[in-house]
Novice: 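Before I ask anything, let me first share the structure, which is written out below as structure tokens.
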Amino acid sequence: MTEFSENLKLLCSYSPSVSQVGRDLKINRSQLNRYLAGDSRPRIALMRKICDYFGVEEYELLLPFEEFAQIVKLRSLDKGPIVRELRQHFDHVMSLNEPRIQNLAGTFWEYHYSMARPGKIIRSLIHFSRQEDKLFYRRLERMGPHDRATLRHHRYQGVALLTGERVFLSDYEYSTGVELTQTVLYPDYAHKWRRLNGIKLGVSADHSHTPCAVRVYLERIPLSTSALRALRQCGLYDVDSSDIPDDIRDMISNVVSGPYVFAAHLYN
């Protein structure tokens, strides 16, 4: 029996039945049985169809069985067709990612008006890091005055995607796991990815959990700034604080927009 047939048999074992796999792929049972027995192998077009169905790559199906079984476990492909379908959707979305997203790697301050503390500006810290061809990030919010210690922190983890000339950020609050945020940004190509602005959508962190949309601005932190110093400058600021430059205040102002949609600030 070949590696392909052994690996295919493993994948089929997580489906309700081999017949169901054949129906979904529109392969007759006798043909599918030949693949499972190692008597033949699908042609290129059908091989791609099988790989898409199970959420694997063609080269992976040809790996030694023990190595392939580990991949199945790590990707939760053994959890059934629903998880596989979710994985396929995620992989499809990430396939749209442009390589230029790697230019975002590094650390930024993020500014926007607080959803939970109206009238306050919040400065947070975001660190983008490469993992193979993906760009993941972590975001830290300090929900207290920037010049005092606070026990209220929110930590988010997410993934960045560049498609259609826009950066899409999707993250979740991983200490409680109950909050999701979405951000869409304009990359500032002229400034070599030092500044980005756009719209953030989420809910307030107070008891009301009000759905909100605010303008947001990201500014790359100078390499000479230590991580500890950057963290100490995170937190809530008064609107008229001298620590918030006027141009940033203008970028995140939510006063003027429309007339029919709430739009991101546009550079002049």
Novice: By ring-ring contact (aromatic ring centres under 6.0 Å, His included), which residues pair with W109, not counting sequence neighbours?
Specialist: none
Novice: Is the closest side-chain donor-acceptor distance between Y137 and D171 under 3.5 Å?
Specialist: yes
Novice: Is D52 salt-bridged to K49, going by a charged N under 4.0 Å from an acidic O?
Specialist: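 Salt bridge between D52 and K49, a charged N being under 4.0 Å from a carboxylate O: no.
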Novice: Just by distance, no angles: are the side chains of Q20 and S15 close enough, under 3.5 Å, to form a donor-acceptor pair?
Specialist: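 Their side chains do not contain a donor-acceptor pair, so the 3.5 Å distance test is not met.
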Novice: Indicate yes or no for a side-chain donor-acceptor contact from S257 to the backbone of A263 under 3.5 Å, with no hydrogens or angles considered.
Specialist: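 Side chain of S257 to backbone of A263, a donor-acceptor pair under 3.5 Å: yes, one is there.
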Novice: Test D188 against every option in R195, R220, R194 by the salt bridge (charged side-chain N to carboxylate O under 4.0 Å, His left out) rule and name the one that passes.
Specialist: R195
Novice: For the pair N97 (side chain) and T163 (backbone), establish whether a donor and an acceptor sit closer than 3.5 Å, ignoring hydrogens and angles.
Specialist: no
Novice: Among residues at least two apart in sequence or on other chains, which ones pass ring-ring contact (aromatic ring centres under 6.0 Å, His included) with Y237?
Specialist: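 Here the qualifying residues are H146.
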Novice: Would you say R139's side chain and I126's backbone share a donor-acceptor pair under 3.5 angstrom?
Specialist: no
Novice: For a quick check under 3.5 Å, do S129 and R138 share a side-chain donor-acceptor pair by atom type?
Specialist: no
Novice: Using modelled atom types and a 3.5 Å cut-off, is there a donor and acceptor pairing between side-chain atoms of Q102 and backbone atoms of D133?
Specialist: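 Pair found, side chain donor or acceptor close to backbone of D133.
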Novice: State whether the side chain of N103 and the backbone N or O of W193 hold a donor-acceptor pair below 3.5 Å, judged by distance alone.
Specialist: no
Novice: Under 3.5 Å, is there a donor-acceptor pair between the side chain of D238 and the main chain of S241?
Specialist: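 Flag not set: sc D238 to bb S241 has no pair under 3.5 Å.
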Novice: Using a 4.5 Å cut-off between side-chain heavy atoms of Ile, Leu, Val, Met, Phe, Trp and Tyr, which other residues end up in the same hydrophobic cluster as L236?
Specialist: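 Via sub-4.5 Å side-chain contacts, L236 links to I122, M143.
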Novice: Taking S19 for the side chain and R23 for the main chain, is one N or O donor matched with an acceptor at less than 3.5 Å?
Specialist: no
Novice: Quick one: do the R155 and Y174 side chains pair a donor with an acceptor below 3.5 Å?
Specialist: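 Their side chains do not contain a donor-acceptor pair, so the 3.5 Å distance test is not met.
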Novice: Is it true that a side-chain atom of K200 and a backbone atom of R215 form a donor plus acceptor pair closer than 3.5 Å?
Specialist: no
Novice: Is E6 reaching over with its side chain to a backbone N or O of E3, donor-acceptor style, under 3.5 angstrom?
Specialist: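 The answer is no, because no donor-acceptor pair under 3.5 Å joins these two groups.
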Novice: With no hydrogens and no angle check, do the side chains of Y186 and E165 hold a donor and an acceptor under 3.5 Å apart?
Specialist: no
